[in-house]
Each structure stands twice: as structure tokens, then as C-alpha cells.
Amino acid sequence: MNEEEISKLTFEQLKKIRTYLKKMIENGGSDLHVKANSVIRARINGNLVQFSGGIFSKEDAFVFAKELLKGRFAEFVEHREIDLVYPFDEKNRFRVNVFFQMDGVSAVFRIIPVEVPTIDQLKLPDVVNKFTKKERGLILVTGVTGSGKSSTLAALINDINLNKKKHIITIEDPIEFVHKDRGCIINQRSVGQDTLSFGNALRAALREDPDIILVGEMRDRETINLALHAADTGHLVFSTLHTIDAKETINRIIAQFPTEEQNRVRLSLAGVIQGVISQRLIPAIAGGRAVAMEVLVRTPTIEKLIMENRDYEIHDAIENGKDHYNSQSFDQSLLGLYQEGIISKERAMDNATSPSDLALKISGLTSGKILSTPSENIKIDENDDIFCLK
């Protein structure tokens, strides 16, 4: 669209969507779904809730896309989908994906609070804080879309920024949390705007005197290879994958490579991996959502299991390392949340890796004693539920 076409827009449809975004923020939601020929819906505490009483027409949705994208509308029409960050107000920004579908135009707005969360605010396990003290290696944060990976990474980078003097380069698509230079110099690069691809930016980063590199997502073989190389050459690398637990994370990385290269990748990964943080968001008794975390910590045993293709033993190694290394499986995390009265037994069982084993632990049969029952009087400040906004 040229300037003359943009000047003719009334922005009425965008104003309408802004009212729904405001409503979603007030209700602690995470995503707003806008779809042509459908009602407006928002995700509140993990559930999709209808916001509008009427249908958002195909024509209105198309005009809305023009009003939102303005000069980038032609790019959207050409590529049929587009990512952007939409600043709503001083406290809230949104990561937006606009795309064509069979009924017309759709868009999903994901909220990105301006304030960078801290490790304490997110109530992350103490072991996670230890990863910020590492000088080199690879640390991965994994989970399904909307599980709070970006929040966890932002908290880790924020902790380093406050307590160290390093050069940090982030490569993101798009940039979500904006970090200001504190003790560190932080250069944040957005794919599509500041660089053409993760691969290009990661190759360039190695020539830019970095101490720490954050790669928004290890999407392909090239990015994984470069991330492993960066970690192997003395840098601390943070990244994410859409995997459900530590074992699948190891498998997913190695499976990206041809069979003849997989042994090399195993050796490289075993040598650089420092930790894997896998997340799931669980509806909490007091409202909002709590985070359950599986945390793999690098140990001689973990290194050996990866090298020897014994990934099926990783889960047991994580559980066995809880007392000595502070690692924890999902079931151990869920058990702790249940004992603290944060989540119900039903929610714990629904999200368990091994429901039968967790049921035994809850009943106390494995320890020879009855575990404490969570108090229904425990109340949790909903303002502490940072994850429900990501």
C-alpha cells in the first residue's frame, strides 16, 4: 500500500480489535484469535473464551489486515503470512502472526509484557539460576507453544545482565522482551528486519566478540550445527525447541542429521550440553497457571548416556540426580506442586509422564508413608502467575 491508500483508511476495524485486546489484558489472557467469518476469541488460563457477540466478517478482516500492516500489506499478500510486533501501550506489546486461511484473513496476538520477568517472579527452581553462572556450553528451554519458554529465557538473560559484564547477542523472530544494557552490552537482532536468517546472524555473531548468544529457536540443521559449534568454541548459547521433555530434545537434535553424521553430533552435543529445561503450564487451584519443569543437568552419567545412544535411560538419570545435582523430572515437579497445594491431584495425573508411578508416589506407597494432603485454604497471589500472560 502506498501513502495515499493508507491515508484513506479509517482504522475502525483496528480500533475494534484494540478493545478486545484491552479486555484480554484485563482478564489475564495470553492470546487473542481474530478469524474472518467467526467470533473473536481469547485464551484465558489456557482455555479459549468467546469475546465477541457477532461475526467478524471476511470484508472487515481484510480491512483490518490493511489497517494493521499498512506499508507491509503487499508483503503479506505475496507471502500469505507475516510476523510482526504490535505495540499496544507503554506496558504491553504483542507478537502477531497474520495469515490467510480458507475463509479469509486470520490473526493471532500473543501478549509480550514490556517488563522483563525475573527468576524470582517466575518462581523457577533454584537449579535454573545456576545455569546463568555457566561460562560456556548449550542450555535449551523446551516446551509446546505458549508454555512460557520466552519468559524463562528472558529471566535468565536478565539475571546475567544484572550480575555480569558480558556481551550478549540475541537472534529472535521477532524480538519479544526488550533488554536494556545494565552490566552487559546486549545487541538484539530480529530475523527479517535486522538479519535475513538465524543462520546468517549466528555465523556473523561468531565474529562479533560475543560471550553469550541467544538463538530464538533451533529450527533447522544449519542453525543447530552453528549453535553446537558456538558452544564448542567457548560461548554460552541459549536456545529453544518445541519438544516435550529432555529425552525428546536430545532425539530431535540428533534426528535432524543424516545417519552418517549422527555419531559426530552425539559426541558434540554430549560435550557441550549444560542443561535442558522443559516446561508445561498446569491450571492452578487458585486460578491462573503454574509451571511444571523437567530439568536435565549435565553430569558424567548424562554425558555418557548421550554419547552411547542410551537416551531411553535419561529420564531415570534425571530422577536419580535430584538429591545430588538438583535435576528433576516432570513427575517430581508435579508431585512438588501437588504437595504444596498449588495444583490438584487430577491436574497432576493429567500431565504426568507416568501417571501410574505418580499415583504411587502421591499415595505414599513408594516412600512407605502418606504424603501430606494440600490445603484448600492455600491462596496464591494471581499477580505472581506471570506465565498466564505469555
Expected list for residues 301-309: side-chain donor-acceptor pairs under 3.5 angstrom, two or more places apart:
unit_1: E303; atom_1: OE1; unit_2: R298; atom_2: NH2; d: 3.2
unit_1: E308; atom_1: OE1; unit_2: R310; atom_2: NH1; d: 2.6
unit_1: N309; atom_1: OD1; unit_2: R266; atom_2: NH2; d: 2.5

Between [Y] and [X], is there a side-chain heavy-atom distance shorter than 4.5 Å?
| X | Y | answer |
| --- | --- | --- |
| F51 | R41 | no |
| E208 | R189 | yes |
| I285 | I342 | no |
| M293 | V128 | yes |
| P87 | F94 | no |
| L156 | I119 | yes |
| D331 | L335 | no |
| S190 | E176 | no |

Does L14 offer a backbone N or O that forms a donor-acceptor pair with the side chain of E67 under 3.5 Å? yes

For K58 and D103, what are the C-alpha separation, side-chain angles and deciding distance, and is it a side-chain contact (heavy atoms from CB on, under 4.5 Å)? CA-CA 7 Å; K58 182 175 182 178; D103 289 323; over 6 Å; no

Under the side-chain contact (heavy atoms from CB on, under 4.5 Å) rule, what do E172 and V215 come out as? Steps first, then yes or no, please. CA-CA 6 Å; E172 304 170 72; V215 184; over 6 Å; no

Kindly indicate, with the supporting measurements, whether the criterion side-chain hydrogen bond (donor to acceptor under 3.5 Å, both in side chains) is fulfilled by R18 and Y86. CA-CA 11 Å; R18 283 181 61 88; Y86 177 66; 2.7 Å; yes

Between E12 and K15, is there a side-chain N and carboxylate O pair less than 4.0 Å apart? yes

Decide, yes or no, whether a salt bridge links E222 with R203 under the criterion of side-chain N to carboxylate O below 4.0 Å. yes

Exercise: do D159 and T132 side chains pair donor with acceptor under 3.5 Å: yes

Walk me through it: do E319 and K361 pass the test salt bridge (charged side-chain N to carboxylate O under 4.0 Å, His left out)? CA-CA 13 Å; E319 289 207 330; K361 292 173 183 176; 3.3 Å; yes

With a cut-off of 6.0 Å (strictly less than), are more than 12 heavy atoms of other residues, nucleotides or ligands near [atom1] of [X]?
| X | atom1 | value |
| --- | --- | --- |
| D181 | CG | yes |
| Q50 | CD | yes |
| E260 | CD | yes |
| E26 | CD | yes |

For the atom pair [atom1] ([X]) and [atom2] ([Y]), what is the distance rounded to the nearest 0.5 Å?
| X | Y | atom1 | atom2 | answer |
| --- | --- | --- | --- | --- |
| I40 | M24 | CD1 | CE | 12.0 Å |
| I250 | T243 | CD1 | OG1 | 9.0 Å |
| D311 | I254 | CG | CD1 | 5.5 Å |
| D31 | T145 | CG | OG1 | 9.5 Å |
| L214 | I168 | CG | CD1 | 9.0 Å |
| Q274 | F238 | CD | CZ | 10.0 Å |

Intermediate values then yes/no, side-chain hydrogen bond (donor to acceptor under 3.5 Å, both in side chains), S333 and E294: CA-CA 7 Å; S333 177; E294 178 172 278; over 6 Å; no

Parallel, tilted or perpendicular: which describes the rings of F73 and F62, with under 30° parallel and over 60° perpendicular? perpendicular

Name the orientation class of the two ring planes belonging to F64 and F56 (parallel below 30°, tilted from 30 to 60°, perpendicular beyond 60°). perpendicular

Does F76 have its ring centroid less than 6.0 Å away from the ring centroid of F99? no

Does [X] qualify as a cation-pi partner of [Y], given the criterion of NZ or CZ under 6.0 Å from the six-membered ring centre and within 45 degrees of its axis?
| X | Y | answer |
| --- | --- | --- |
| R219 | F198 | no |
| K22 | F88 | no |
| R93 | F109 | no |

Could you go through the side-chain contact (heavy atoms from CB on, under 4.5 Å) check for R43 and R110 one step at a time? CA-CA 10 Å; R43 190 174 295 278; R110 163 69 54 85; 6.0 Å; no

Take D232 and L228, measure what side-chain contact (heavy atoms from CB on, under 4.5 Å) needs, and give me the verdict at the end. CA-CA 6 Å; D232 192 44; L228 290 173; over 6 Å; no

Decide yes or no on side-chain hydrogen bond (donor to acceptor under 3.5 Å, both in side chains) for E217 and T240, but give the supporting numbers first. CA-CA 5 Å; E217 184 180 347; T240 73; 5.2 Å; no

The complete set of salt bridge (Lys or Arg N to Asp or Glu O under 4.0 Å) pairs with one or both residues in residues 133-146, sequence neighbours excluded, reads E135-K164, E135-K166

Closest approach of F177 to V116 (non-hydrogen atoms, all atoms of both residues): CD2-CA, 4.1 Å

Would you check, one step at a time, whether the test side-chain hydrogen bond (donor to acceptor under 3.5 Å, both in side chains) holds for H167 with N187? CA-CA 8 Å; H167 178 204; N187 283 300; 2.9 Å; yes

